[in-house]
Amino acid sequence: MSVLFDRIALIGIGLIGSSLAHDIRRLGLTKEIVVATRSADTLKRAEELGLGDRYTTSSADAVKDADLIIVSVPVGASESVAKEIAGSLKPGAIVTDVGSTKASVIAQMQPHMPDSVHFIPGHPLAGTEKSGPDAGFPGLFEGRWCIFTPVAGTDETALKRLRGFWEALGSKVDEMDAEHHDKVLAIVSHLPHIIAYNIVGTADDLETVTESEVIKYSASGFRDFTRLAASDPTMWRDVCLHNRDAILEMLARFSEDLAYLQRAIRWGEGDKIFELFTRTRAIRRSIIQAGQDVDAPDFGRPHALEKK
Ligand code: NAP
């Protein structure tokens, strides 16, 4: 593949930043990767893993002469990063991010971006429950969506270049406004995580069932929630605080629907329960047909006799 940007600066080198580094290198999309992260420990680890060509704890230094800057930090840190890099950006550079909430990131970053750069907010819908530079791997973005939420007046050529970058990583790119993104993500990503954190917390708080029983018998359903509930606490705290309105709106809908189900169980309304469970089963089939998961039973976990 050909070089798309002469120099790429990665600000933040956790799961997303390091996955980007692997792919940029593997696909030869730049001549130089500059890695910046806040702590000396993470920077050292990034260097040991060979994720970049140059390493610094100064975001301002990292962005000098970079043609593409990708900010991959918790969304609550967006403003401080924007302030730090603003004075060092090269005219014509593209600044993007990968944050899971978009209206808040735009509010935090856009006021600090000089007119001479192209600021294009983005969000790859790809990830795992792991974090840090060791968590990244090549191919994370392959076949996944990346959503841009461009602000009014965004330069079409810059948009096209950034689209070309994500397509080179194997992603499909969509565009929508930031408020719509935040509503969609509230239901497909934020609520599932909040529900998982909550159910795992509830199990942990129960007095009549011991923790060892919860763990011992977890394969009957509980453990599928624990993957989401093991996600990075800083990242998900920031998502909750920075997509507050959309999350509260979806939580209200969720509570209403849960009350409906609760009532159906209380009154023994089997037809209502059956109708809901049949409708939801079809959603999983649609996800598999859309190529967003595989059809392997039990999420593809190996089972004892299959391994032999
Ligand atoms: P991560 O693995 O926890 O890495 C976070 C990176 O941000 C590290 O380099 C860390 O630096 C830095 N950082 C943390 N707090 C900071 C602060 N206050 N100021 C400046 N830098 C800070 O996180 P991640 O999973 O890559 O997530 C990064 C972004 O991607 C988030 O905005 C998240 O919403 C978004 N995202 C995540 C996923 C996912 O599944 N994880 C998917 C899509 C989008 P140090 O280690 O040096 O402190």
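Remember, it's 1-based here, ligands and their atoms both numbered in the order they're listed.
Among Ser100, Gly12, Ser18, the residue whose heavy atom lies nearest to atom 36 (N) of ligand 1 is Ser100. Compare Ile16, Val71, Asp41, Thr37 by their heavy atoms: the one nearest to atom 8 (C) of ligand 1 is in Thr37.
Protein heavy atom nearest atom 20 (C) of ligand 1, with residue, atom name and distance: Arg38 CD, 3.8 Å. Regarding atom 46 (O) of ligand 1, its nearest protein heavy-atom neighbour is Thr42 OG1, 2.7 Å. Nearest protein heavy-atom contact of atom 40 (O) of ligand 1 is Gly127 CA, 3.2 Å. Distance from atom 4 (O) of ligand 1 to its nearest protein heavy atom, with residue and atom name: Gly14 CA, 3.2 Å. Here the protein heavy atom with the shortest distance to atom 19 (N) of ligand 1 is Ala77 CB, 3.5 Å. At the top of the distance list for atom 13 (N) of ligand 1, counting protein heavy atoms only, stands Pro74 CD, 3.6 Å. Closest to atom 44 (C) of ligand 1, if we only count protein heavy atoms, is Val98 O, 3.2 Å. Protein heavy atom closest to atom 6 (C) of ligand 1, with residue, atom name and distance, is Ser72 O, 3.6 Å.
Close N/O approach between Ile13 and ligand 1 is found [any backbone or side-chain N/O within under 3.5 Å]. Considering backbone and side-chain N/O of Val73, one or more are found under 3.5 Å from N/O of ligand 1. For ligand 1, none of its N or O atoms has an N or O atom of Lys130 under 3.5 Å away. Residue-to-ligand polar distances keep Ser131 apart from ligand 1: every N/O pair is separated by 3.5 Å or more. Remark: ligand 1 and Pro124 share no N or O pair separated by less than 3.5 Å (distance only, no angle test). Of the polar atoms of Leu15, at least one N or O is found under 3.5 Å from an N or O of ligand 1, judged by distance alone.
Nearest heavy-atom pair across Glu84 and Ala60 is O-CB, 3.5 Å. Nearest heavy-atom pair across Ser18 and Gly132 is OG-O, 4.1 Å. For the pair Lys102 and Asp97, the tightest heavy-atom approach, listed with the atom from each and the gap, is NZ-OD2, 2.8 Å. When every heavy atom of Leu15 is checked against every heavy atom of Gly127, the shortest pair comes out as CD2-CA, 4.0 Å. Residues Phe225 and Ile195 come closest through the heavy atom pair CE2-CG2, 4.3 Å.
When heavy-atom distances to ligand 1 are checked against a 4.0 Å cut-off, Ser231 has no atom that comes that close, whether in backbone or side chain. Here Thr128 has backbone heavy atoms under 4.0 Å from ligand 1, and that is the only part of it that gets that close.
Enclosure of atom CD in Glu211 is not indicated, since only 12 or fewer non-hydrogen atoms of other residues, nucleotides or ligands lie within 6.0 angstrom. Atom CZ of Arg253 sits in a sparse spot, with 12 or fewer heavy atoms from other residues, nucleotides or ligands closer than 6.0 Å. Within a 6.0 Å sphere centred on CZ of Arg223, other residues, nucleotides and ligands contribute more than 12 heavy atoms. With a 6.0 Å radius and a threshold of 12 heavy atoms from other residues, nucleotides or ligands, Lys183 has its NZ atom at or below the threshold. When the shell of 6.0 Å around NZ of Lys172 is examined, it contains more than 12 heavy atoms from other residues, nucleotides or ligands.
Ile265 is listed as a side-chain neighbour of Ile273, based on a closest heavy-atom distance under 4.5 Å.
Proximity to Gly99 (heavy-atom distance under 4.0 Å) selects the following atoms of ligand 1: 32 (O). Atom numbering of ligand 1 starts at 1 in the shown order; those under 4.0 Å from a heavy atom of Gly132 are 1 (P), 2 (O). Numbered from 1 in the order shown, with element, the atoms of ligand 1 that lie under 4.0 Å from a heavy atom of Val75 read 32 (O).
Alongside Phe274, the hydrophobic cluster contains no other residue (criterion: ILVMFWY side chains under 4.5 Å).
Checked by atom type and distance alone, the side chain of Asp67 pairs as donor or acceptor with a backbone atom of Arg7 at under 3.5 Å.
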Distance-only check: which donor-acceptor pairs under 3.5 Å involve side-chain atoms of residues 137-145, not counting sequence neighbours?
from: Arg144; atom 1: NH1; to: Gln292; atom 2: OE1; distance (Å): 3.1

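Within the structure, ligand 1 has Ala126 among the residues with a heavy atom less than 4.0 angstrom away. Under the 4.0 angstrom criterion for non-hydrogen atoms, Ala135 is not in contact with ligand 1. Under a 4.0 Å heavy-atom criterion, His123 is in contact with ligand 1. Heavy atoms of Ser80 stay at 4.0 angstrom or farther from ligand 1.
For the side chain to side chain contact (heavy atoms under 4.5 Å, CB included) with Leu185, the qualifying choice from Leu191, Val239, Thr101, Ile147 is Ile147, the only one to do so.
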